[in-house]
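This report refers to the structure that appears directly beneath it.
Bear in mind the structure is a predicted one, so any value in this text is a computation, not a measurement.
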Amino acid sequence: GGGGGGSSATLTVAEATAQLDSLLEQTAEITPDTAQAVTSFVSSLLDKALVGASDVGTALDSKSVARLQSSVAALATAATPDAGELTLLSPNMNVSTAAFTTVDELTSTPVRCPSGAADEAAVALPSGLLDVMAGSGFNPALPVSTLLYVTSASLHGANAAVEAPGASASPSDAPSATANTGAQLRTRRALSPGVASNTSAAPRVAGPMVSFSLLQAGSELKVSGAASPINITVPLATALPATPSATALVCRWWDASGGGTWSSSGCSTVLDSASSAPASSNGGAGGALRAVTCSCTHLSDFVVFEFPT
């Protein structure tokens with residue numbers, strides 16, 4: 001861990017991501033201590049990448065970002081069914097991973113990860129998930145690992161197109177359980193990505209990036225087309241009015257095809273009444289919204305954008 005931190009001072013971030021990914025591929029076993037060291041090292045790489053840049057995707061090419069995310073995915077092998085949830089904290093990235101022996105265990109309790117904001121990031125998986133995973137190489141005899149991580153800045157380009165709000169992603173009311181956290185994950189300043197569709201108004205990123213995946217034997221299980229939605233709770237960097245009049249909050253997921261787009265396909269935005277802070281909470285105003293739920297048919301990286309209306 002310490003040696004890797006020193007090497008990042010002489011290597012470029014892109015070179016360091018390549019070396020880290022290669023090292024983890026050759027590592028027979030990743031222990032919780034190693035996983036924490038990797039988390040801290042990735043956090044330092046994010047710090048270095050963000051010097052003079054608003055997001056990691058602007059500072060790094062897509063291949064380096066893919067290597068970085070591959071390294072994070074490898075941390076899921078540190079979780080075992082007997083050990084319970086493994087939580088890894090650092091200034092720029094928090095990770096939560098766990099291994100389950102049955103799909104029933106996997107879907108019975110929401111997966112949570114500290115975000116540094118008022119609410120945790122969380123994922124609630126539907127009970128019919130087995131039908132979706134059956135076609136992705138899923139083996140019911142092997143444990144399935146969850147990997148939920150939160151980064152203080154987007155890992156994808158701020159200049160990528162963002163689909164503007166439309167009728168297919170209209171907010172609705174649906175409660176979702178959330179909890180406070182004391183994790184000190186820094187949230188970067190608001191980004192101003194490009195906008196696709198029929199508006200010239202630039203949105204801003206309203207909170208951290210949340211990534212969730214399912215893995216088995218170190219390989220990601222592709223999950224898409226779920227009959228029942230997967231609910232991903234994305235915390236907001238700062239509480240916003242529960243019924244904003246000047247802005248619209250929308251969920252977007254990273255679609256790497258065609259050069260990369262923040263897409264709305266397969267996702268709807270839920271403004272969560274359960275994540276609204278009462279007037280006495282943290283000195284905020286009554287009905288302040290602290291998180292948004294992305295209700296989606298697939299897994300990916302998720303961000304909440306705030307569009308001017």
Between D104 and T102, does the side chain to side chain donor-acceptor pair (under 3.5 Å) criterion hold? Intermediate values first, please. CA-CA 5 Å; D104 286 343; T102 69; 5.3 Å; no

For [X] and [Y], indicate whether the former's side chain and the latter's backbone hold a donor-acceptor pair under 3.5 Å.
| X | Y | value |
| --- | --- | --- |
| S213 | E220 | no |
| Q36 | D33 | no |
| W262 | F305 | no |
| E120 | S115 | no |
| T151 | S154 | no |
| T77 | A74 | yes |
| E105 | T101 | yes |
| T107 | V103 | yes |

Atom [atom1] in [X], atom [atom2] in [Y]: separation rounded to 0.5 Å?
| X | Y | atom1 | atom2 | value |
| --- | --- | --- | --- | --- |
| F100 | T146 | CZ | OG1 | 4.5 Å |
| C267 | F302 | SG | CZ | 5.0 Å |
| S145 | L221 | OG | CG | 9.5 Å |
| S263 | H298 | OG | NE2 | 6.5 Å |
| R252 | C294 | CZ | SG | 9.0 Å |
| S96 | L89 | OG | CG | 9.5 Å |

Which heavy-atom pair separates [X] from [Y] by the least distance, and what is that distance?
| X | Y | answer |
| --- | --- | --- |
| L236 | A117 | O-CB, 3.4 Å |
| A35 | L75 | CA-CD2, 3.9 Å |
| D255 | S257 | OD1-OG, 2.7 Å |
| L148 | A121 | CD2-O, 3.8 Å |

Would you say the side chain of [Y] lies within less than 4.5 Å of the side chain of [X], judging by non-hydrogen atoms?
| X | Y | result |
| --- | --- | --- |
| F41 | S71 | no |
| V111 | T97 | no |
| N94 | Y149 | no |
| F212 | L147 | no |
| R290 | D119 | yes |
| N231 | V270 | no |
| T39 | V72 | no |
| Q69 | D301 | yes |

Pair L240, E306 - check side chain to side chain contact (heavy atoms under 4.5 Å, CB included), show working. CA-CA 10 Å; L240 297 172; E306 186 179 8; 4.0 Å; yes

Side chain to side chain contact (heavy atoms under 4.5 Å, CB included) for L106 and L125? Distances and angles first, verdict last. CA-CA 8 Å; L106 177 68; L125 296 168; 3.8 Å; yes

Side chain to side chain contact (heavy atoms under 4.5 Å, CB included) assessment of V250 paired with V304: CA-CA 6 Å; V250 293; V304 171; over 6 Å; no

Not counting sequence neighbours, which residues clear side-chain contact (heavy atoms from CB on, under 4.5 Å) with S228? List them please. P126

Given the rule in the side chain to side chain donor-acceptor pair (under 3.5 Å) test, do D47 and S44 qualify, once you have shown the distances and angles that lead to the verdict? CA-CA 5 Å; D47 243 351; S44 71; over 6 Å; no

Could I get the full list of side chain to side chain donor-acceptor pair (under 3.5 Å) partners for T27, not counting sequence neighbours? none

Just do the side chain to side chain donor-acceptor pair (under 3.5 Å) check on S70 and D21 with the steps written out, would you? CA-CA 7 Å; S70 175; D21 191 40; 3.0 Å; yes

Can you list the steps and then say if T34 with T31 is a side chain to side chain donor-acceptor pair (under 3.5 Å)? CA-CA 5 Å; T34 300; T31 65; 3.0 Å; yes

Between C296 and C251, does the SG-SG distance stay under 2.5 Å? no

Before giving the answer on side chain to side chain contact (heavy atoms under 4.5 Å, CB included), spell out for L45 and T17 the whole-Å C-alpha distance, their side-chain angles and the decisive distance to 0.1 Å. CA-CA 8 Å; L45 292 181; T17 59; 4.0 Å; yes

For the residue pair H156 and W254, does the interplanar ring angle fall in the parallel (under 30°), tilted (30 to 60°) or perpendicular (over 60°) class? parallel

